[in-house]
Amino acid sequence: MTISKLCVATFLLCYLAVIQATFEGPGPDPCHNHDCGKYATCYAQCDGSYSCYCDHGYYRVGKKCEHYKCKDHTCHKYAKCTPHEHQCGYQCQCIYGYTGDGHSCHEIDPCHGHTCHKYAVCIPGDKYPTYTCQCRKPFYGDGKNCVHQCHNHDCGDYSRCVPNDHGTGYKCVCDDGYYKVKGKCGRCQHECHQYGKCELYDGSYQCRCNYGYGGDGRSDCRQLDPCDNHACGEYATCTAGNYPDYTCSCGHPYKGDPHNGGCAHKCDSHDCGDYASCEPNTHDYGYKCRCNKGYYLVESKCSRCQYKCHGYAKCKQGADYKYKCVCNDHYDGDGVHECIRRDPCHSHDCGGYSRCYANEHNYGYTCRCDDGYYSDNGKNCKRRDPCHSHDCGGYSTCHANEHDYGYTCRCNDGYHSDNGKNCRRRDPCHSHDCGDYSKCYANQHGGYGYYCKCNDGYFGDNGKNCKRRDPCHSHDCGGYSTCYANEHNYGYTCRCDDGYHSDNGKDCRRRDPCHSHDCGDYSRCYENNNGYGYYCECFDGYEGDRYGKNCKRSKCYNNNCHKDAICRPHLFGNGYSCQCKDSYYGNGYSCTYYVGDSYDDGGY
């Protein structure tokens with residue numbers, strides 16, 4: 001078939017497809033989901049298929065279109081060729097998920113820099129950069145967070161947690177020598193009674209009843225009665241408490257110490273008194289007293305009288321054989337509400353300056369002298385001297401009061417106190433007239449008074465009107481020192497004159513001006529002829545500035561000049577030259593004394 005015939009056939013097929021589309025309507029675009037790739041264009045065919053054609057400048061390599069510059073590239077199989085835009089050639093670049101220079105590419109490990117948990121392993125995914133985190137046994141979780149299978153286990157004491165083989169959960173295994181009984185590990189092989197416990201006994205662990213219980217420890221543990229062997233006293237009742245404790249008590253009608261001595265009847269030691277009988281109480285440990293027939297209870301005591309008698313009365317039987325309260329002798333009243341004592345001082349014989357006092361415990365009276373008066377029996381009293389036993393103290397005088405019995409203390413002259421007692425000597429300087437720069441002193445041996453004395457460094461008449469004395473009037477500063485009066489206290493200070501010194505400013509010695517010189521190294525300090533200051537001079541063989549400082553070794557040091565020559569250092573450089581002295585001639589290294597027509601060979 002020729003090309004023209006092929007074109008005609010193609011045209012007819014397309015024409016028929018157009019006619020069919022005209023009657024049937026347009027079909028789906030075959031290029032809608034094409035896979036021509038980059039740098040290619042999709043063209044729909046009349047039969048409903050499509051064809052891919054590379055763009056200009058590109059050529060097909062398999063199913064991809066590549067630029068003509070990359071036609072013979074040497075890029076790695078996992079690299080792509082990218083042509084340079086403005087110059088010849090191309091560059092190779094590893095595809096996503098691979099790294100290298102483009103000519104050599106290796107896959108990037110997606111687990112590099114992973115964020116899996118420290119107890120997890122990283123598993124690379126099918127496509128970079130995906131990966132999966134998987135917890136290692138015996139840990140479980142999402143790989144980002146892994147916890148041990150025994151995390152937060154509740155195995156309890158004497159048990160250890162063992163992870164399950166399938167990756168989650170755990171089981172509890174008793175330690176060696178322990179047995180699991182109802183989900184808990186213990187030393188005993190059987191379950192102990194609720195009032196028993198597992199204990200080591202006779203070399204093996206057994207169920208034994210708790211303290212206070214008896215039985216086999218497994219099926220039987222009965223509470224022991226602490227009263228089975230009680231030590232309560234006679235007539236005492238034992239009440240059981242927590243084993244082995246119990247309580248002893250005395251029951252009705254007993255009381256006392258239920259332990260020592262036992263219980264006694266409540267009425268064994270009653271104090272109902274006479275004319276009464278004892279009846280023990282039912283609800284407490286006491287008792288009650290009942291008066292006998294014909295007696296009345298008056299303030300907890302049985303009496304023949306119906307009422308309580310007065311303090312100074314007694315219950316007595318009258319002529320009518322009835323009992324009533326009667327006042328005691330020397331008292332008058334009804335015996336119940338009132339018993340008034342008759343006044344024994346109604347007709348006393350105490351006399352003047354004395355008072356009569358009724359006795360408390362027997363009928364009668366006593367005479368007592370008034371304050372300031374005295375007598376042997378309190379009668380016919382005489383006045384007492386109030387200063388007979390005063391407490392005025394030293395340097396004080398007692399004075400009897402005129403209008404009442406008593407005394408007053410008054411300090412002696414030159415002494416004082418607040419109440420005239422225990423007087424202290426008055427300070428005579430309290431109101432002195434010594435004046436400024438003077439002190440007041442109390443007289444020591446000349447009686448009460450004072451004298452004035454000028455302060456140190458001051459003088460005046462009788463210690464008054466004091467004036468300051470020149471402290472330098474009689475100083476001891478010595479030679480080459482000047483005396484200066486102090487400003488704030490009496491005294492003086494010695495200061496050495498310029499160029500002199502001493503430790504305290506006295507007896508000053510001339511200061512060596514070279515004591516703290518600054519001549520420097522290789523220089524010597526000399527005192528000036530006028531006695532003040534110093535000057536510096538470089539050592540022999542050294543030279544410095546015009547002040548004799550900053551000395552350095554001279555260029556003429558150890559020179560080879562003749563003894564009758566002068567060494568002159570060069571201004572520049574390190575050398576020197578030799579020049580014969582006056583009246584000598586030669587080259588400086590050899591000098592000869594010149595005398596008329598002859599000469600003296602000096603030699604070297």
Report yes or no: is the SG-SG distance between [X] and [Y] under 2.5 Å?
X: Cys207; Y: Cys188; answer: no
X: Cys567; Y: Cys561; answer: no
X: Cys116; Y: Cys122; answer: no
X: Cys238; Y: Cys227; answer: yes
X: Cys161; Y: Cys172; answer: no
X: Cys250; Y: Cys263; answer: yes
X: Cys192; Y: Cys198; answer: no
X: Cys536; Y: Cys525; answer: no
X: Cys146; Y: Cys135; answer: yes
X: Cys185; Y: Cys174; answer: yes

Stepwise disulfide (SG to SG under 2.5 Å) check, Cys105 with Cys94:
CA-CA 6 Å; Cys105 297; Cys94 295; 2.0 Å; yes

Between [X] and [Y], do the side chains contain an N or O donor and an N or O acceptor separated by less than 3.5 Å?
X: Ser219; Y: Asp216; value: yes
X: Thr115; Y: Lys144; value: yes
X: Glu537; Y: Ser523; value: no
X: Gln134; Y: Thr132; value: no

With disulfide (SG to SG under 2.5 Å) as the criterion, how do Cys278 and Cys272 come out once you've worked through the C-alpha distance, each side chain's angles and the decisive distance to 0.1 Å?
CA-CA 7 Å; Cys278 174; Cys272 292; 4.6 Å; no

Nearest 0.5 Å please: distance from the [atom1] atom of [X] over to the [atom2] atom of [Y].
X: His230; Y: Thr239; atom1: NE2; atom2: OG1; value: 10.0 Å
X: Tyr179; Y: His190; atom1: OH; atom2: NE2; value: 9.5 Å
X: Glu66; Y: Thr82; atom1: CD; atom2: OG1; value: 10.0 Å
X: Glu543; Y: Cys538; atom1: CD; atom2: SG; value: 8.0 Å
X: Thr99; Y: His106; atom1: OG1; atom2: NE2; value: 5.0 Å
X: Gln189; Y: Arg218; atom1: CD; atom2: CZ; value: 9.5 Å

Can the ring centroids of Tyr43 and Tyr50 be said to lie less than 6.0 angstrom from one another?
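So the answer is no for these two rings.
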
How about Tyr211 and Tyr243: are their ring centres within less than 6.0 Å of each other?
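Tyr211 vs Tyr243: aromatic centres under 6.0 Å.
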
For Ser204 and Gln206, run side chain to side chain contact (heavy atoms under 4.5 Å, CB included): C-alpha distance rounded to whole Å, both residues' side-chain angles, the deciding distance at 0.1 Å, then the answer.
CA-CA 6 Å; Ser204 64; Gln206 305 175 15; 3.3 Å; yes

Please determine whether side-chain hydrogen bond (donor to acceptor under 3.5 Å, both in side chains) holds for the pair Ser159 and Asp175, giving the CA-CA distance in whole Å, both sets of side-chain angles, and the decisive distance to 0.1 Å.
CA-CA 5 Å; Ser159 176; Asp175 296 339; 5.8 Å; no

Is a side-chain N or O of [X] found less than 3.5 angstrom from the main chain of [Y], in a donor-acceptor match?
X: Tyr576; Y: Asn560; value: yes
X: Asn210; Y: Tyr195; value: yes
X: Asp142; Y: Asn145; value: yes
X: Glu107; Y: Tyr98; value: no
X: His84; Y: His86; value: no
X: Tyr246; Y: Ala231; value: yes
X: Lys555; Y: His570; value: yes
X: Thr130; Y: Lys127; value: yes
X: His34; Y: Cys42; value: no

CA sep, side-chain torsions, deciding dist, call: Glu199, Arg208, salt bridge (charged side-chain N to carboxylate O under 4.0 Å, His left out):
CA-CA 7 Å; Glu199 293 181 337; Arg208 295 178 58 82; 3.7 Å; yes

Looking at Tyr557, I'd like to know if the NZ or CZ of Arg553 sits under 6.0 Å from its six-membered ring centre while staying within 45 degrees of the ring's axis.
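Yes; both conditions hold, so Arg553 lies above the ring face of Tyr557.
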
Taking the six-membered ring of Tyr178, is NZ or CZ of Arg187 closer than 6.0 Å to its centre and within 45° of its axis?
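Checked: cation-pi criterion met.
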
Over 60° means perpendicular and under 30° means parallel, so classify the ring planes of His73 and Tyr90, tilted if in between.
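Perpendicular, since the angle between the ring planes exceeds 60°.
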
Indicate the ring-plane relationship of Phe539 and Tyr542, choosing parallel, tilted or perpendicular according to the 30° and 60° boundaries.
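Correct class here is perpendicular.
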
Taking the side chain as C-beta and beyond, is there a heavy-atom pair between Cys150 and Pro163 under 4.5 Å?
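Yes, at least one pair of side-chain atoms sits under 4.5 Å.
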
Determine whether Lys506 and Ser481 make a side-chain contact, defined as any pair of heavy atoms from C-beta on separated by less than 4.5 Å.
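No - every pair of side-chain heavy atoms lies 4.5 Å or more apart.
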
Flag if over 12 foreign heavy atoms under 6.0 Å of [atom1], [X]:
X: Tyr128; atom1: OH; value: yes
X: Tyr131; atom1: OH; value: yes
X: Asp228; atom1: CG; value: yes
X: Tyr59; atom1: OH; value: yes

Using side chain to side chain contact (heavy atoms under 4.5 Å, CB included), reason through Tyr170 and Asn152 one step at a time and then give a plain yes or no.
CA-CA 10 Å; Tyr170 61 89; Asn152 293 330; over 6 Å; no

How close do Tyr526 and Cys514 get, heavy atom to heavy atom, and via which atoms?
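Taking every non-hydrogen atom into account, N-SG, 3.7 Å.
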
Salt bridge (charged side-chain N to carboxylate O under 4.0 Å, His left out) partners of Arg222, counting only residues at least two apart
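Arg222 satisfies salt bridge (charged side-chain N to carboxylate O under 4.0 Å, His left out) with Asp220 only.
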
Verdict with supporting geometry, Asn164 and Tyr140, side-chain hydrogen bond (donor to acceptor under 3.5 Å, both in side chains):
CA-CA 11 Å; Asn164 289 335; Tyr140 70 96; over 6 Å; no

Test log, rule side chain to side chain contact (heavy atoms under 4.5 Å, CB included), inputs Gln93 and Lys80:
CA-CA 5 Å; Gln93 185 177 2; Lys80 63 179 179 179; 4.1 Å; yes

Donor-acceptor contacts under 3.5 Å from residues 493-501 side chains, at least two apart:
from, atom 1, to, atom 2, distance (Å)
Thr493, OG1, Asn486, OD1, 2.8
Asp497, OD1, Thr482, OG1, 2.9

Stepwise, does the side chain to side chain contact (heavy atoms under 4.5 Å, CB included) test hold for Cys483 with Tyr492?
CA-CA 6 Å; Cys483 175; Tyr492 62 89; 3.5 Å; yes

